[in-house]
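Structure, as structure tokens:
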Amino acid sequence: MAWITDTAQKDGAKFGTDLVNIPHRMGESGLFTDEALAELIDSYPREYYMLTTMTPQGERQVWRNGDKGDLSGAEVLQAIKDGQLWLCLRRFDIVAPMYHQMVQDAFGELEASNPGLKTFKHESSLLISSPGARVFYHMDIPMIALWHLRGRKRVWVYDAENKTHLPDISVEGIVMRETEEEIAYDPEWDKEALAIDLEPGQVVSWPLNAPHRVDNLDGLNVSITTEFFTPAARRKYGVYYANGFARRHLGYTPKSAAYDGPMAYAKCAAALAIKKLGLTKARERAMQCSFKLEKARFGEIVDLAPKERWNIQQA
């Protein structure tokens, strides 16, 4: 079955460079019913999923990471429907090959009809989130394709080239894994943002590193998010990694973040060497489990005392 229509394939040439919003047919696969989702959740190893919620701390809302505890897949799905939770089932290529192949086939269709489009290093995850849930203003390192399947959501996309919205030092911190993807946000920036209302059967992709946030409008929201790289995206990653290392470890303020030309390739080579030598490993963030779900207290977020918390190991 073709997952992308012939008409939509032509618009797919913009993947990796510009905003794209086209239809897809993944919802016809039968892989996203409640029964199929519950079975998938049951099959997921701990190191490949993330369960999150947000909690007020003063005037701020902060992300918290948790564990699904002894709940079955069906019970987890119900908890998401009733609560304020996000479940991310990561790495289809390792855990869910049927889902992975569907995404690979869709990218193959796009690239077959657009010879100039070259993408690689696809990593797909399933996002299942509560009605009315929100994802804060943040930036992703790779390119993103968001294949929407159930519910309705609004995606706000901001200008990646605006250094007020996205300072270089913030990009460096995310690329070097020192900080989470969330970055400073001012609601006034919404006046300059593009708001896209997603219905089931749409896939949207935006320019590289464009900051964005998401509001679930209604219903259980289910989407596949695929991280992917293009040659330009890979070069930009290397440049910001090298710049971040120079700023933090060598006391040098980078003068350019350009990712074309000889200097960009030199920085990419330096970034590869730095990563292989593990020179920045000590500064990388750790994710801590601070809550869990329990059958005995179904419908509640069960907070863990500080001494009960543990670092989540993600493969």
Side-chain angles (χ1 to χ4, degrees), residues 1-4 24-53 63-108 121-133 135 140 142 144-153 198-204 214 216 218-228 287 289 291-295 298-299 301 312-315:
M1 177 178 183
W3 302 116
I4 307 293
H24 69 83
R25 296 194 181 110
M26 291 184 183
E28 300 173 27
S29 66
L31 294 175
F32 305 100
T33 64
D34 279 5
E35 294 74 18
L37 295 177
E39 183 176 345
L40 184 63
I41 294 168
D42 280 329
S43 73
Y44 250 76
R46 181 64 190 89
E47 64 269 27
Y48 290 111
Y49 81 77
M50 293 177 61
L51 181 69
T52 58
T53 189
W63 284 108
R64 297 177 57 200
N65 298 295
D67 189 89
K68 67 184 181 69
D70 58 356
L71 269 60
S72 68
E75 289 167 333
V76 170
L77 201 60
Q78 191 60 52
I80 297 172
K81 290 179 179 179
D82 296 341
Q84 287 286 298
L85 292 165
W86 295 256
L87 179 64
C88 177
L89 304 178
R90 301 174 48 251
R91 295 302 301 267
F92 280 175
D93 55 319
I94 296 173
V95 184
M98 189 181 303
Y99 292 78
H100 175 69
Q101 189 59 55
M102 180 171 58
V103 177
Q104 291 298 94
D105 289 346
F107 269 96
K121 203 176 179 182
H122 304 152
E123 288 190 8
S124 293
S125 305
L126 189 68
L127 301 177
I128 308 174
S129 54
S130 303
V135 176
D140 293 298
I144 297 292
L146 186 65
W147 313 83
H148 195 49
L149 295 148
R150 292 177 58 178
R152 295 177 58 248
K153 64 173 70 221
L198 280 185
E199 302 284 346
Q202 290 177 264
V203 54
V204 63
V214 182
N216 286 0
D218 54 60
L220 179 76
N221 270 242
V222 180
S223 306
I224 292 173
T225 179
T226 303
E227 299 180 352
F228 65 96
M287 292 188 301
C289 182
F291 75 89
K292 64 179 179 177
L293 306 180
E294 291 183 353
K295 286 181 186 288
F298 188 77
I301 297 292
I312 298 172
Q313 299 300 318
Q314 293 276 283

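Atoms considered below: every heavy atom in the structure, side chains included; atoms not considered: hydrogens, waters and symmetry mates.
Using a 3.5 Å distance cut-off with no hydrogens or angles, the side chains of S129 and N221 do not pair a donor with an acceptor.
Looking at S72, its side chain does come within 3.5 Å of a backbone N or O of E75 through a donor-acceptor pair. A donor-acceptor distance shorter than 3.5 angstrom exists from the side chain of Q202 to the backbone of E199, with no hydrogens or angles considered. Using a distance-only test at 3.5 Å, with no hydrogens or angles considered, no donor-acceptor pair links the side chain of H24 to the main chain of L149. With hydrogens and angles disregarded, no donor-acceptor distance shorter than 3.5 Å links the side chain of D140 to the backbone of P142. Under a 3.5 Å cut-off, the side chain of T225 and the backbone N or O of S125 do not form any donor-acceptor pair. Side-chain atoms of R150 never come within 3.5 Å of backbone atoms of S223 as a donor-acceptor pair (strictly under, hydrogens ignored).
Rounding to the nearest 0.5 Å gives a distance of 8.0 Å between CG of N216 and OG of S130. Atom-to-atom distance recorded for E39:CD and L77:CG is 13.0 Å, nearest 0.5 angstrom. Atom CZ of residue F298 and atom NZ of residue K295 lie 8.5 Å apart, to the nearest 0.5 angstrom. Remark: I80 CD1 to W86 CH2 distance equals 10.5 Å, nearest 0.5 Å. Separating the CG atom in L71 from the CD1 atom in I41 is a distance of 10.0 Å, to the nearest 0.5 Å. Distance check: M1 CE to M102 CE gives 10.0 Å after rounding to the nearest 0.5 Å.
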_Please evaluate residues L31 and M98 with respect to the criterion side-chain contact (heavy atoms from CB on, under 4.5 Å), reporting the C-alpha separation (whole Å), side-chain torsions for both, the decisive distance (0.1 Å), and the verdict._
CA-CA 9 Å; L31 294 175; M98 189 181 303; 3.5 Å; yes
*asked:* side chain to side chain donor-acceptor pair (under 3.5 Å), that's the test. Do E227 and H122 meet it? Break it down for me.
replied: CA-CA 6 Å; E227 299 180 352; H122 304 152; over 6 Å; no
*List the steps, then state whether side-chain contact (heavy atoms from CB on, under 4.5 Å) holds for E47 with I312.*
CA-CA 8 Å; E47 64 269 27; I312 298 172; over 6 Å; no
*Hey, mind stepping through L85 and I301 against side-chain contact (heavy atoms from CB on, under 4.5 Å) and telling me if it holds?*
CA-CA 10 Å; L85 292 165; I301 297 292; 3.6 Å; yes
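Ion pairing between a basic and an acidic side chain is recognised when a charged N comes within 4.0 Å of a carboxylate O; K292 and E294 show such pairing. Comment: D218 engages R152 in a salt bridge, judged by a side-chain N to carboxylate O separation of less than 4.0 angstrom. The existence of a salt bridge linking D34 and K81 is confirmed by a sub-4.0 Å separation between a basic side-chain nitrogen and an acidic carboxylate oxygen.
Closest approach of L40 to S43, counting heavy atoms only: O-OG, 2.7 Å. Nearest approach of F291 to T52, heavy atoms of both residues: CZ-C, 4.1 Å. In this structure, F107 and A145 approach most closely via the heavy-atom pair CZ-CB, 4.2 Å.
Counting non-hydrogen atoms of other residues, nucleotides and ligands closer than 6.0 Å to CD of Q101 gives a total above 12.
Contact of the Y48 side chain with the L89 side chain is not registered, since no non-hydrogen atoms from C-beta on lie closer than 4.5 Å. Using a 4.5 Å cut-off on side-chain heavy atoms (C-beta onward), L87 and L126 make no contact. Between V204 and L198, the closest side-chain pair of non-hydrogen atoms falls below 4.5 Å. Between V203 and M26, every side-chain heavy-atom pair lies at or beyond the 4.5 Å cut-off. The side-chain heavy atoms of M50 and M287, taken from C-beta on, include a pair separated by under 4.5 Å.
Here the two rings, on W3 and W147, have centers that are 6.0 Å apart or farther.
H100 pairs by the ring pair (Phe, Tyr, Trp, His ring centres under 6.0 Å) definition with nothing, not counting sequence neighbours. Annotation: side-chain contact (heavy atoms from CB on, under 4.5 Å) contacts of S124 (sequence neighbours excluded): F92, V103, I224, T226. For A38, the side-chain contact (heavy atoms from CB on, under 4.5 Å) partners at least two apart in sequence or on another chain are A74.
Judged by the 6.0 Å and 45° rule, R46 forms a cation-pi pair with Y49.
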